[in-house]
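We name chains A, B, ... by the order of the sequence lines, and we start the count at 1 in each one. No experiment lies behind these values; they were computed from the predicted model shown.
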Amino acid sequence: MRPDYTPKDIEAAAQQHWEEQQAFRAGEDSPKPKYYCLSMFPYPSGKLHMGHVRNYTIGDVLSRYHRMQGFNVMQPMGWDAFGLPAENAALANNVPPAAWTYSNIGHMKQQLKSLGLGIDWSREVTTCRPEYYRWEQWLFTRLFEKGVIYKKTAGVNWDPVDCTVLANEQVIDGRGWRSGALVEKREIPMYFFRITQYAEELLADLDRLPGWPEQVKTMQRNWVGKSYGCEVEFPYGTAIGKEGALKVYTTRPDTLMGATYVAVAAEHPLAAQAAAGNKELAAFVAECKRGGTAEADVATMEKKGMDTGLFVRHPLNGVNLPVWVANYVLMGYGEGAVMAVPAHDERDYEFAEKYGLPVKHVIASPDLLNKWKKLEAQLLADGHEPDRNDLDQAGMIAYLSHVLSDLPAPSDALIEAVHEFAGQMEIESPNTEYGTLVCSGEYSGMDFQQAFDAIAADLQAQGMGKKRTQFRLRDWGISRQRYWGCPIPIIHCPACGDVPVPDEQLPVVLPENVTVTGTGSPLAKMPEFYRCACPKCGGEARRETDTMDTFVESSWYYARYASPACSSGMVDKIAAQRWLPVDQYIGGIEHAILHLLYARFFHKLMRDEGLVQGDEPFINLLTQGMADVEVETDAKGRPLGAKLRADGLPVAIGGTEKMSKSKNNGVDPQAIIDKYGADTARLFIMFAAPPDQQLEWSDSGVEGAYRFLRRIWHFAHTRRPAGANPGLARDLSDAAQPEKERCREIHSALKQANNDFGKHQFNTVVSASMKILNTLEKCSDTDSGPAIADGFSILLRLLSPITPHIAQTLWQELGYGDDILAAPWPEADEAALEQDEIELVIQVNGKLRGSLRAAKDADQAMLENLALAHPAVQKQLAGGAAKKIVVVPGRLINVVA
RNA sequence: GCCGGGAUGGUGGAACUGGUAGACGCGCCGGACUCAAAAUCCGGUGUCCGAGAGGAUGUGGGGGUUCAAGUCCCCCUCCCGGCACCA
């Protein structure tokens, strides 16, 4: 055995050993229970960053841990290979996206292998390969025929200079990132997955995922956004041109009597109609159509609007309400029109304040109600008749000032009551809480639910509305006007319409040798690609040149791993049944909504096709915190440029790297692996923080991780802690006190580590391991020989999922066994944890004043007496008596003076 | 803007279910070894007052509940993730 720790040699040897043993091939006919451990596959951006290392180390730790617990583990890996960055790289470096992608995959695969991950590489999938995406195309044609996929128009960001559709992140301050041209919203035809048809199920099944973080489930629930509300129609007469009704959807029908105007989106027919004869309005509508489509931009825009001059009639009280065009109303959302209740909605209030529109309170909080009653009572007491007219804010303020100035000699009590009421109204503008209806005619006095039901019933009776359940979730548009993606398998025939490509013609292969110019879609310029015959009538037809959203590939890869080479179907049903669902999924928190929702949706689609069983793809989910970069942002929070923490060099945004804010993590993992080895890199990353916590990387602390491994090696070399039967429970009844204490320390650290493994808190597993080594180093050969061997074998096994190379090497070198992967997982020996005497903390009024040792089974009265006798307590009490004594068994005694 | 998180020493983080705040590391300070340095080992290290014993104070800010609050409740600030064409 070498005296020095030489990670390069031992890691190469250990990896070769696993390779020879085919140690990580997932067995198809194992009697052991299966454990499918999946880490989100990487986009092949070029090189590994710390986020990858963190993700894949977590996955490997869980895989190896479960393997030692007796599971048949499957841990696959693959490449999310289609996407925008490859096209950007092509533009920047003149390399075809395919070549760039394959070369990146080659390099990153080497990097992953050098980390010593226990991956079954025989299952590798690459989404840009026709063998993979042909099945995606196949499913598309099936779903198209079933009507789950349909076509409609939708808005995109159009760059009028580059004649290209831009991704949201390519629109910076309303301009194209390359051309600088002002971006326009343009409506184009696209294919959509009818995900809304599954909205109810996607929502309900979240309740059947106890292994998912609550945080993620909450985000998904809010995203699906089931709401109970009402359709309300605001009729208009021929004055507008023709008779009709403006339909809106609201979740607050109880505030209907407080509506003071209605607002429509710029794209709404009513806006277009009004703009036809109004140049100023037409210009405003055009202005609203400028800029990007991203919701964050729209929502943070300054609220602007313009009066159309049109009016609609309030369906219940017949009052005419003005129609405004407002940029905060979105066409693709609900009905593209809203009823505005400024008194009880933040955005409506802000808008009404800005344009001087009336505010009418119709919901009163208990406070407001009480203050109004008090005011009324005082008016009566002073001999005046209270005015119970509408609480239109302006009218109310006028009324209140009338009370103060026009009434003869108002009493002090009345003046106070007016001020209190006015003050409360001020506080409650806008009041978005539920409350009691006021100033709402026959509905006054009702609570939310009563008003909801009554108003909905009245609307329905008049044919002017009804209750409706609505989802916030929108259908999933998957058409992309880009080259580097999976071709949509549709042929457009002038005679037959949209015809799906027949099975025998699949896959529609994406040509790999192309030149990317940055203007327009490359496929649309390739007649050899798009010219084709209609599969139905044989006539001349045109192939669809749009490709699919890359979220589609990542929505089903987890299922493909079960039978990666299956050439007869999307999945081999037997293999899918064996391996699915995924037992543990691990990936970044940034995927909490979109990717995870789409994958859940796809599982249900595949289930309905009879391909997979079960309703959900991922049983347990671990969301990893982001690995941050220091990013400078503009006023809208968009990155202007990222700075590499380590050396301050700027990093290109939207360049050849994956376009992600997390692409640069300040520390290059390869440099750490080269200098210290994979075990140090893995240990360092697991020790830095718990997996779900976000982390800013710096390499301080890498040295400490390396030092720890070196100490382990040195300990093994100098102390040779081998035992014939490591892990055998030892009878400690005769052992000397120091040895008992050392054993207790080791087993209590082990107990903590096992508990932390269960919580996926690997940083404290590492600290427990460090404590064990600290204890072992305190042992002398003579007093604790066998304990050392026992303790060291615990240490190696505890660390083996995290630092597998050194653990395997020492396990073998010291003769514990051939393969640490086959060793049983260590469990804490409860007998070793027993203590006769324990330390108790003494508090006086909750403040720490001392401690005492007592027998572990000392009773309450005895402990109280011991505490009272304690000098520190005597001093604090200063002769006084204790009011109360709180004893927390095994922990503390608190004397309350 | 909306939805979801987060904030603990110089620093990464720990603290089971409301019960000794700062485990385990990094860094720093002092010491040993050495011709010297590196490596290694030993000791110390929240802040303030104090020679010391000890005391006060302390978990982003403000309030509250409790014998006891980093932990529970209310309000606020800042930071991070997502917002449907980045992946």
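Between Gln220(A) atom CD and C3(B) atom P the separation is 17 Å, expressed in whole Å. Atom C1' of nucleotide G13(B) and atom CG of Asp756(A) are separated by 13 Å, given to the nearest angstrom. At whole-Å resolution of the value, CG in Leu597(A) and P in G81(B) are 21 Å apart. Summarising the geometry, the separation between CD on Glu777(A) and C1' on C24(B) is reported as 14 Å, rounded to the nearest angstrom. Separating the CG atom of Leu683(A) from the C1' atom of G12(B) is a distance of 13 Å, rounded to the nearest angstrom. The distance between atom CG of Leu709(A) and atom P of C26(B), rounded to the nearest whole Å, is 12 Å. Distance Tyr328(A) OH to C2(B) P: 14 Å, rounded to the nearest Å. We find that CG of Asn763(A) is positioned 12 Å from C1' of A15(B), with the value rounded to whole Å.
Classification of Asp546(A) and Arg480(A) as a salt-bridged pair fails, no side-chain N sitting under 4.0 Å from a carboxylate O. A salt bridge is defined here as a Lys NZ or Arg NE, NH1 or NH2 lying under 4.0 Å from an Asp or Glu carboxylate O, and Arg347(A) with Glu350(A) fails to meet this definition.
Contact annotation: Lys847(A) reaches the phosphate of U57(B) (side-chain N/O to OP1 or OP2, under 4.0 Å). Side-chain nitrogen and oxygen atoms of Asn168(A) include none within less than 4.0 Å of the OP1 or OP2 phosphate oxygen of C83(B). The phosphate of C83(B) has neither OP1 nor OP2 within less than 4.0 Å of any side-chain N or O from Arg474(A). Taking side-chain N and O atoms only, Arg472(A) has no distance below 4.0 Å to OP1 or OP2 of C2(B). OP1 or OP2 of A87(B) lies within a sub-4.0 Å distance of a side-chain N or O belonging to Thr550(A). Phosphate proximity of C41(B) to Arg707(A): absent, as no side-chain N or O sits under 4.0 Å from OP1 or OP2. When the side-chain nitrogen and oxygen atoms of Gln843(A) are compared with OP1 and OP2 of U66(B), none of them lie within a distance under 4.0 Å. For Asn88(A), no side-chain nitrogen or oxygen approaches OP1 or OP2 of C86(B) to under 4.0 Å.
Against the 90° criterion about 0, the sugar-base torsion of G9(B) places it in the syn range.
Within 4.0 Å (heavy atoms only), Gln215(A) reaches sugar-phosphate atoms of the nucleic acid but no base atom. Within the 4.0 angstrom heavy-atom criterion, base atoms lie near Leu473(A). Note on Val896(A): only backbone sugar-phosphate atoms sit closer than 4.0 angstrom, heavy atoms only; bases stay farther off. Within the 4.0 angstrom heavy-atom criterion, base atoms lie near Val156(A). Residue Ser554(A) is classed as having no contact, given no heavy-atom separation below 4.0 Å to the nucleic acid. Within 4.0 Å of Ala688(A), counting heavy atoms only, lie sugar-phosphate atoms of the nucleic acid but no base atom. If you check every strand for non-hydrogen atoms under 4.0 Å, Asp692(A) touches nothing. Counting non-hydrogen atoms under 4.0 angstrom, Val895(A) reaches nothing in the nucleic acid. Heavy atoms of Phe708(A) sit nowhere under 4.0 angstrom from any nucleic acid atom. Residue Pro690(A) is classed as a sugar-phosphate contact, given heavy-atom separations below 4.0 Å to backbone atoms only. Residue-level contact check: Gln481(A) touches the bases, meaning some heavy atom is under 4.0 Å from a base atom. Across all strands, Met548(A) comes closer than 4.0 Å to no nucleic acid atom at all (heavy-atom distances). Backbone-only contact: Gly477(A) has heavy atoms under 4.0 Å from sugar-phosphate atoms and none from a base.
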## Note on the structure
A correct dot-bracket answer for RNA chain B, with pairs being Watson-Crick or G-U at under 3.5 Å, [ ] for crossing pairs and | for inter-strand pairs, is (((((((..(((......[....)))((((((.......))))))((((....))))..(((((..]....))))))))))))....
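Considering only residues two or more places apart in sequence or on other chains, Phe192(A) meets the ring-ring contact (aromatic ring centres under 6.0 Å, His included) condition with Tyr150(A). For the ring-ring contact (aromatic ring centres under 6.0 Å, His included) test, no residue two or more places apart in sequence or in another chain qualifies with Trp79(A).
Nucleotides C73(B) and C79(B) place their P atoms 24 Å apart, quoted to the nearest Å. Between C24(B) and U8(B), the distance separating the two C1' atoms is 15 Å to the nearest Å. Spacing of P atoms, G27(B) relative to A15(B), comes out at 23 Å, to the nearest Å. G25(B) sits 12 Å from G43(B) when the P atoms are compared, rounded to a whole Å. One P atom belongs to A53(B), the other to C41(B), and the distance between them is 29 Å to the nearest Å. Taking atom P in both G60(B) and G1(B), the straight-line distance is 24 Å, to the nearest Å. Between the C1' atoms of A14(B) and U77(B), the separation comes to 26 Å (whole Å). One C1' atom belongs to C3(B), the other to U20(B), and the distance between them is 39 Å to the nearest Å.
With distances taken from any side-chain atom of Asn222(A) to the nucleotides C3(B), G81(B), C86(B), the minimum falls on C3(B). The His591(A) side chain lies nearest to A87(B) when the options are A87(B), C80(B), A14(B). Among the nucleotides C83(B), A87(B), G13(B), the one closest to the side chain of Ala689(A) is G13(B). In this structure, of C24(B), A87(B), C41(B), it is C41(B) that holds the atom nearest to the side chain of Arg711(A). Considering only side-chain atoms of Arg849(A), the nucleotide from C24(B), G55(B), G5(B) that sits closest is G55(B). Counting only heavy atoms from C-beta on, Gln761(A) has its side chain closest to A14(B) among G81(B), A14(B), C26(B).
Between Phe551(A) and His595(A), the ring-plane angle classifies as parallel under the 30° and 60° cut-offs. Between Phe602(A) and Trp476(A), the ring-plane angle classifies as perpendicular under the 30° and 60° cut-offs. Using bins of under 30°, 30° to 60° and over 60° for the plane-to-plane angle, the ring pair Tyr56(A)/His52(A) lands in the parallel bin. The aromatic rings of Phe757(A) and Phe762(A) sit perpendicular to each other, their planes meeting at more than 60°, with 30° as the lower class boundary.
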### Message
For Glu777(A) and Arg719(A): C-alpha separation, side-chain torsions, deciding distance, then whether salt bridge (charged side-chain N to carboxylate O under 4.0 Å, His left out) applies.
### Response
CA-CA 9 Å; Glu777(A) 284 177 337; Arg719(A) 305 290 287 272; over 6 Å; no
### Task
Give the intermediate values and the outcome of side chain to side chain contact (heavy atoms under 4.5 Å, CB included) for residues Met686(A) and Val765(A).
CA-CA 9 Å; Met686(A) 289 298 94; Val765(A) 171; over 6 Å; no
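Where Ala167(A) and Gln693(A) each meet RNA chain B at their nearest nucleotide, the meeting point lying more 5' is that of Gln693(A). When the nearest nucleotides of RNA chain B are assigned to Ser479(A) and Ala705(A) by heavy-atom distance, the more 5′-ward of the two goes with Ala705(A).
Between the side chains of Gln170(A) and Arg178(A), not a single donor N or O lies within less than 3.5 Å of an accepting N or O.
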